Amino acid sequence: LLKIRSLIISRPTSGNCCRFNSTNHLCGEGYWVWLIPLPDGVMSVGIVTDESLVPFESYRTADLALGWLATNEPQVAAAVEGREMLDFRTMRRYFYPVEDFLSAERWALIGDALGFSDPFYSPGGDMIAIANLIIVESIRRDRSGTLDDVTCQQLTESMRRIQAIATETIQSIYPCLGASRVAGAHVVWDFLSLVTPMVLVIRNFNPGLYDYLASPEGHRILGELTDLHQKQGQLMLSWTQEESSQLAPGSILDHTEKLY
């Protein structure tokens with residue numbers, strides 16, 4: 001299981017660079033720490049973990065979280081030491097799957113009401129976009145009298161499967177985050193097989209794709225993708241036990257080069 005907690009601290013006074021304005025990920029086995037700059041000189045620091053590897057009890061309070069950072073990310077701990085903490089929150093077991101989505105009775109769920117997977121690749125916006133596109137096309141078909149309950153049930157099942165694929169794919173990287181070369185390869189695989197396809201669906205959505213997602217064939221392909229991601233996750237996990245799983249200290253992983 002996974003947990004998330006965030007600290008809000010005064011923004012560091014270090015020099016500016018384009019990287020500073022990104023969400024930066026500091027990773028280790030079973031966890032990642034986010035650094036997100038906010039307005040008014042505030043920095044958000046968040047700890048996200050796989051609870052089977054990093055117990056929630058080790059950082060469930062503000063003091064424990066600061067101690068956890070000192071042990072696992074000492075540079076972050078040093079940067080936040082002595083700065084004002086504006087807020088502290090925890091959220092344990094934040095994942096919840098899609099159950100209901102679309103009804104022929106003219107209602108649909110979207111956003112956090114629909115479900116939540118994992119924040120590592122920030123897939124929430126993609127899920128919202130796909131749901132919006134399906135809902136808009138459903139409204140068109142309802143107005144033309146061609147929307148039926150079977151179609152709504154089929155589309156709901158597709159959304160369940162899409163979210164499940166995203167969740168399982170992202171969460172499979174947590175045990176690999178302490179193996180730098182494996183983690184880099186996992187990210188490349190995830191972008192090619194998860195992030196990019198979701199973007200292509202969003203940018204090229206059309207009535208034919210709507211019908212495909214509402215069909216048994218669409219469900220079959222989503223099932224095959226689920227199996228593929230599960231097998232790839234096991235392969236990556238087994239790679240973490242090999243000597244080739246780590247990059248040399250201080251080296252940079254070039255995603256355009258051979259990773260193995």
Side-chain angles (χ1 to χ4, degrees), residues 1-9 11-12 19-38 42-80 83 85-98 111-112 114-128 163-180 182-191 194-195 198 229 232-233 236-237 240 253:
L1 298 175
L2 300 170
K3 305 86 46 200
I4 184 171
R5 45 97 47 226
S6 65
L7 293 164
I8 308 298
I9 60 173
R11 178 174 180 169
R19 198 79 178 141
F20 178 83
N21 295 316
S22 304
T23 296
N24 285 278
H25 302 63
L26 308 178
C27 303
E29 184 179 4
Y31 78 86
W32 62 286
V33 174
W34 78 55
L35 302 176
I36 304 176
L38 301 175
V42 174
M43 177 70 75
S44 171
V45 181
I47 302 171
V48 190
T49 75
D50 178 336
E51 191 169 348
S52 69
L53 299 170
V54 181
F56 175 74
E57 296 301 319
S58 64
Y59 63 92
R60 62 182 175 81
T61 68
D63 288 341
L64 286 173
L66 292 172
W68 188 94
L69 287 171
T71 300
N72 295 279
E73 295 293 342
Q75 291 177 308
V76 176
V80 304
R83 298 182 182 273
M85 185 184 298
L86 303 178
D87 193 14
F88 176 83
R89 303 286 179 89
T90 63
M91 183 179 293
R92 190 179 189 182
R93 303 188 182 103
Y94 54 78
F95 159 72
Y96 54 98
V98 172
D112 289 344
L114 177 60
F116 188 83
S117 54
D118 191 282
F120 190 70
Y121 293 130
S122 301
D126 295 326
M127 293 296 296
I128 290 171
Q163 194 218 28
I165 290 170
T167 302
E168 292 178 11
T169 300
I170 296 171
Q171 292 182 356
S172 70
I173 200 174
Y174 282 74
C176 304
L177 289 176
S180 53
V182 180
H186 207 306
V187 169
V188 172
W189 164 260
D190 294 347
F191 269 75
L194 175 68
V195 178
M198 291 180 75
H229 281 282
Q232 187 70 9
M236 294 285 185
L237 185 59
T240 62
L253 180 66

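Remember, predicted model here, so these are calculated numbers, not experimental data.
- The SG atom of C176 lies 4.5 Å from the NE2 atom of H186; values are rounded to the nearest 0.5 Å.
- What you find for I173 and A183 is that their closest heavy atoms are CD1-O, 4.1 Å.
- Between the side chains of S52 and D50, at least one donor-acceptor pair of N or O atoms lies under 3.5 Å.
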Worksheet item: L69 and I47: side-chain contact (heavy atoms from CB on, under 4.5 Å), yes or no, with the steps?
Response: CA-CA 9 Å; L69 287 171; I47 302 171; 4.2 Å; yes
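- For E57, the CD atom is densely surrounded, since the number of other residues' heavy atoms within 6.0 Å is greater than 12.
- Defined by atom type and a distance below 3.5 Å, a donor-acceptor pair is missing between the side-chain atoms of Y121 and D126.
- At least one donor-acceptor pair closer than 3.5 Å links the side chain of S172 to the backbone N or O of T169.
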Worksheet entry | Verdict with reasoning, Y94 to D118, per side-chain contact (heavy atoms from CB on, under 4.5 Å) | CA-CA 8 Å; Y94 54 78; D118 191 282; 2.8 Å; yes
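- The side-chain contact (heavy atoms from CB on, under 4.5 Å) with T167 is formed by just one residue from the set F116, F95, Y96; it is F95.
- Screening I165, L194, V195 against I170 for a side-chain contact (heavy atoms from CB on, under 4.5 Å) leaves a single residue, L194.
- Ring geometry for W32 versus H25: interplanar angle under 30°, hence parallel rather than tilted (30 to 60°).
- Using cut-offs of 30° and 60° for the angle between ring planes, the F56 and Y59 rings count as perpendicular.
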Discussion item. Using side-chain contact (heavy atoms from CB on, under 4.5 Å), reason through L35 and T23 one step at a time and then give a plain yes or no.
Written reply: CA-CA 6 Å; L35 302 176; T23 296; over 6 Å; no
Discussion item. Run T240 and E29 through side-chain contact (heavy atoms from CB on, under 4.5 Å) and show every step you take.
Written reply: CA-CA 10 Å; T240 62; E29 184 179 4; over 6 Å; no
